[in-house]
Chemist: 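Pasting a structure below so you can have a look.
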Amino acid sequence: MPPEKKEARPSGRAGRARIPAYVKNLRGVNNWKQVSEWLEWRGIEDIECITPDQAGVARGKMMPSSKFTSNTSLALPSAPFMMTISGDYPEDGNGFEYPEDDGDLKLVPDLSTLCRVPWEEDQTAQVICDLVHQDGRYVEFTPRNVLRKVLAAYNAKGLKAVVAPEIEFYLVRKNPDPDYPLQPPVGRSGRPIAGGSGYSIAGVNEYDELIDDIYHFSEAQGLEIDTLIHEEGAGQLEINLRHGDPIELADQVFLFKRTLREAALKHDMYATFMAKPIQGQPGSAMHIHQSIVDKKTGRNIFTGEDGSETEAFRHFIGGMQKHVPSALVMFAPYVNSYRRLTQAASAPVNTKWGYDNRTTAFRVPRSDPAARRVENRIPSSDANPYLALAASLACGLIGMTKKIEPDAPILTTANEDEIDLPRGLLEAVDLFEADEDLREMLGAAFGATYAAIKRAEFETFMEVISPWEREYLLLNV
């Protein structure tokens, strides 16, 4: 919390009574009047109005808090939401057309996301915004709105999705020259941590001060970490979030990524969410736990009244099995993502499912019947959380709508069998464009925009000559 200001916070019972409860909220208010009081009580000077682009990068504007509360109209051009990760723009074609006027889109703050930016020296707040057209329609191709469109399809059927993401990431030494491989950071022992430290408390303790900052920064933003562990990779950690509403959880992942990067920089290292940042080390995933609730009864529709599995449960898995390969480009969005998806590795490369089987793409964890859920283990941590959740839930809903029956569950190791998924980015884009059910669920404008961006990113990657090529081709061919 910020330092107390006697003039803003009178002492005694009478002073405390004059402070409404919402002013003390760590996260979110209900209306603009509450915004003004919330900002004033904290002495907030600046506010960041941010929204995720297709890569999950925070785009937006920063302004004085007085301007933010003065009915100022906020706008951004459409260009940042049609841009590749390297800052280039795709060519028109295949349904994508860059708008000639590049007109403004309106930023509409979601006041429920208002919170502090705890790593800034000056008192600063942030708020996540939605993008709408000038007439108020949601901009269909922006990530938060893509997820909202999928959830609206659930709502139309009287259903509500519940999700819980798990995010893996690496801590690495600063790397100002991208030609050099990444290295694990030095911990408090004075040595870089080695691999094979899965669930090691000593491994977590190597970064005690950094992890304290992660917890403090998260608490100040009203973000709830369920658990934190050390994963198998050297300097690889995982954070699990509590289950809840998909948009709220996507917002949390979006903010967590910012938080983890800032906390790491404070300790002279990087936090990276690359799917495969270090050769020879495990990749980083973003596992997604999913269950579906009947809005009228509040019951998990994956479980019948007698505790047994339902048709909806089976059909949800059937939809995942059939359509996730077509959605892979949203779970594995970069060339690097496919380095994680290799045979006999910890990441699944199949479309099989099983009970508590971590070698399958879709795992049903052990749980009480009321908590029955399906874990999608395919997404990598480089995925945009809004798009990964949208794609995963869309595949399940298509399965329930079309009553797609799943294969039998797998009881043995599944990751040494034939690979069921696209092996590269262009193949994944082709499958994505060919899946009419998925593209209808996600929106035609988004489908065309996203596919165009991914094709352009692949072409940019092909311009780079890798160390492998210099090592094996330079003097041998």
Side-chain angles (χ1 to χ4, degrees), residues 147-166 226-227 240-250 286-327 331 348 350-379 388-414 420 437-438 440-442:
L147 177 54
R148 182 177 279 107
K149 176 177 171 60
V150 173
L151 297 180
Y154 273 89
N155 186 64
K157 295 180 178 294
L159 302 175
K160 177 180 179 181
V162 179
V163 300
E166 303 170 348
D226 193 9
T227 58
N240 298 338
L241 305 182
R242 296 182 181 179
H243 64 274
D245 174 80
I247 288 183
E248 291 180 10
L249 267 298
M286 181 173 63
H287 300 150
I288 301 172
H289 293 253
Q290 308 156 100
S291 59
I292 310 300
V293 172
D294 184 302
K295 294 185 69 174
K296 287 185 178 179
T297 65
R299 291 181 60 91
N300 182 347
I301 69 167
F302 289 167
T303 298
E305 292 186 6
D306 61 354
S308 62
E309 297 170 356
T310 62
E311 286 189 352
F313 171 75
R314 295 197 304 275
H315 295 157
F316 188 94
I317 294 174
M320 300 278 285
Q321 287 190 303
K322 181 175 181 179
H323 291 279
V324 157
S326 302
F331 302 131
N350 54 71
T351 56
K352 298 176 174 64
W353 74 282
Y355 298 100
D356 202 18
N357 187 340
R358 285 183 168 83
T359 70
T360 60
F362 314 119
R363 167 179 171 252
V364 179
R366 298 182 187 276
S367 69
D368 294 332
R372 184 171 279 121
R373 60 194 185 275
V374 179
E375 177 191 13
N376 182 355
R377 296 180 57 80
I378 287 178
L389 287 171
S392 195
L393 292 170
C395 292
L397 184 57
I398 293 170
M400 291 192 295
T401 301
K402 294 184 174 291
K403 301 186 184 303
I404 300 173
E405 288 292 337
D407 298 334
I410 297 296
L411 305 177
T412 57
T413 299
D420 299 328
D437 290 334
L438 185 63
E440 181 181 355
M441 181 72 69
L442 300 172

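Just so you know, these numbers come straight off a predicted model, no measurement behind them.
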Chemist: Check Arg366 with Asp356, please: is the shortest side-chain N to carboxylate O separation under 4.0 Å?
Modeler: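 Answer for the salt bridge query: yes.
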Chemist: Sub-3.5 Å donor-acceptor pair from the side chain of Tyr355 to the main-chain atoms of Leu411, do we have one?
Modeler: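 The answer is no, because no donor-acceptor pair under 3.5 Å joins these two groups.
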Chemist: Taking His315 for the side chain and Glu311 for the main chain, is one N or O donor matched with an acceptor at less than 3.5 Å?
Modeler: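 Looks like yes, one N/O pair under 3.5 Å.
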Chemist: Taking side chain as C-beta onward, heavy atoms only, is Arg377 less than 4.5 Å from Trp353?
Modeler: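 The answer is no, as the side chains (C-beta and beyond) never meet within the 4.5 Å cut-off.
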Chemist: Do the side chains of Ser291 and Val374 get nearer than 4.5 Å, heavy atoms only?
Modeler: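 Not touching, per the 4.5 Å side-chain cut-off.
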Chemist: For the residue pair Glu305 and Arg299, establish whether any side-chain heavy-atom pair is separated by less than 4.5 Å.
Modeler: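 In contact.
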Chemist: Do Ile247 and Leu151 make a side-chain contact, defined as non-hydrogen atoms from C-beta onward lying under 4.5 Å apart?
Modeler: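 A side-chain contact under 4.5 Å exists here.
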Chemist: Nearest 0.5 Å please: distance from the CZ atom of Phe302 over to the CD atom of Glu309.
Modeler: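 These two atoms lie 10.5 Å from each other.
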Chemist: Could you tell me whether the side chains of Lys295 and Asn155 share a donor-acceptor contact shorter than 3.5 Å?
Modeler: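 Yes.
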Chemist: Any non-hydrogen side-chain atom of His287 less than 4.5 Å from a side-chain atom of Asn376?
Modeler: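 The answer is no, as the side chains (C-beta and beyond) never meet within the 4.5 Å cut-off.
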Chemist: Is the closest side-chain heavy-atom distance between Arg372 and Asn300 below 4.5 Å?
Modeler: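 Yes, at least one pair of side-chain atoms sits under 4.5 Å.
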Chemist: Are any of the side-chain heavy atoms of Leu241 and Glu166 separated by less than 4.5 Å?
Modeler: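 Not in contact.
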Chemist: How about His289 and Val163: do any of their side-chain heavy atoms sit closer than 4.5 Å?
Modeler: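 Not in contact.
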Chemist: Check whether Thr401 reaches the backbone of Leu397 with its side chain - one donor and one acceptor, N or O, closer than 3.5 Å.
Modeler: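 Present.
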Chemist: Testing Ile301, Val364, Thr303 one by one against Phe313 for a side chain to side chain contact (heavy atoms under 4.5 Å, CB included), which residue passes?
Modeler: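 For Phe313, the side chain to side chain contact (heavy atoms under 4.5 Å, CB included) check succeeds only for Val364.
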Chemist: Before accepting this row, confirm whether a basic side-chain N of the pair Arg314/Glu405 lies closer than 4.0 Å to the acidic partner's carboxylate O.
Modeler: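 Salt bridge present between Arg314 and Glu405.
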Chemist: So, using side chain to side chain contact (heavy atoms under 4.5 Å, CB included) as the criterion, who are the partners of Lys352 when residues are at least two apart?
Modeler: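 Applying side chain to side chain contact (heavy atoms under 4.5 Å, CB included) to Lys352 gives Asn350, Thr360, Ile410, Ala414, Asp417, Asp420.
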Chemist: Quick one: does any side-chain atom of Asp294 pair with a main-chain N or O of Lys296 as donor and acceptor, under 3.5 Å?
Modeler: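 At least one qualifying donor-acceptor pair exists.
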Chemist: Could you check Lys149 against Leu442 for side chain to side chain contact (heavy atoms under 4.5 Å, CB included), going step by step and ending with a plain yes or no?
Modeler: CA-CA 7 Å; Lys149 176 177 171 60; Leu442 300 172; 5.9 Å; no
Chemist: Given side chain to side chain contact (heavy atoms under 4.5 Å, CB included), test Lys157 with Met400 step by step and report yes or no.
Modeler: CA-CA 11 Å; Lys157 295 180 178 294; Met400 291 192 295; over 6 Å; no
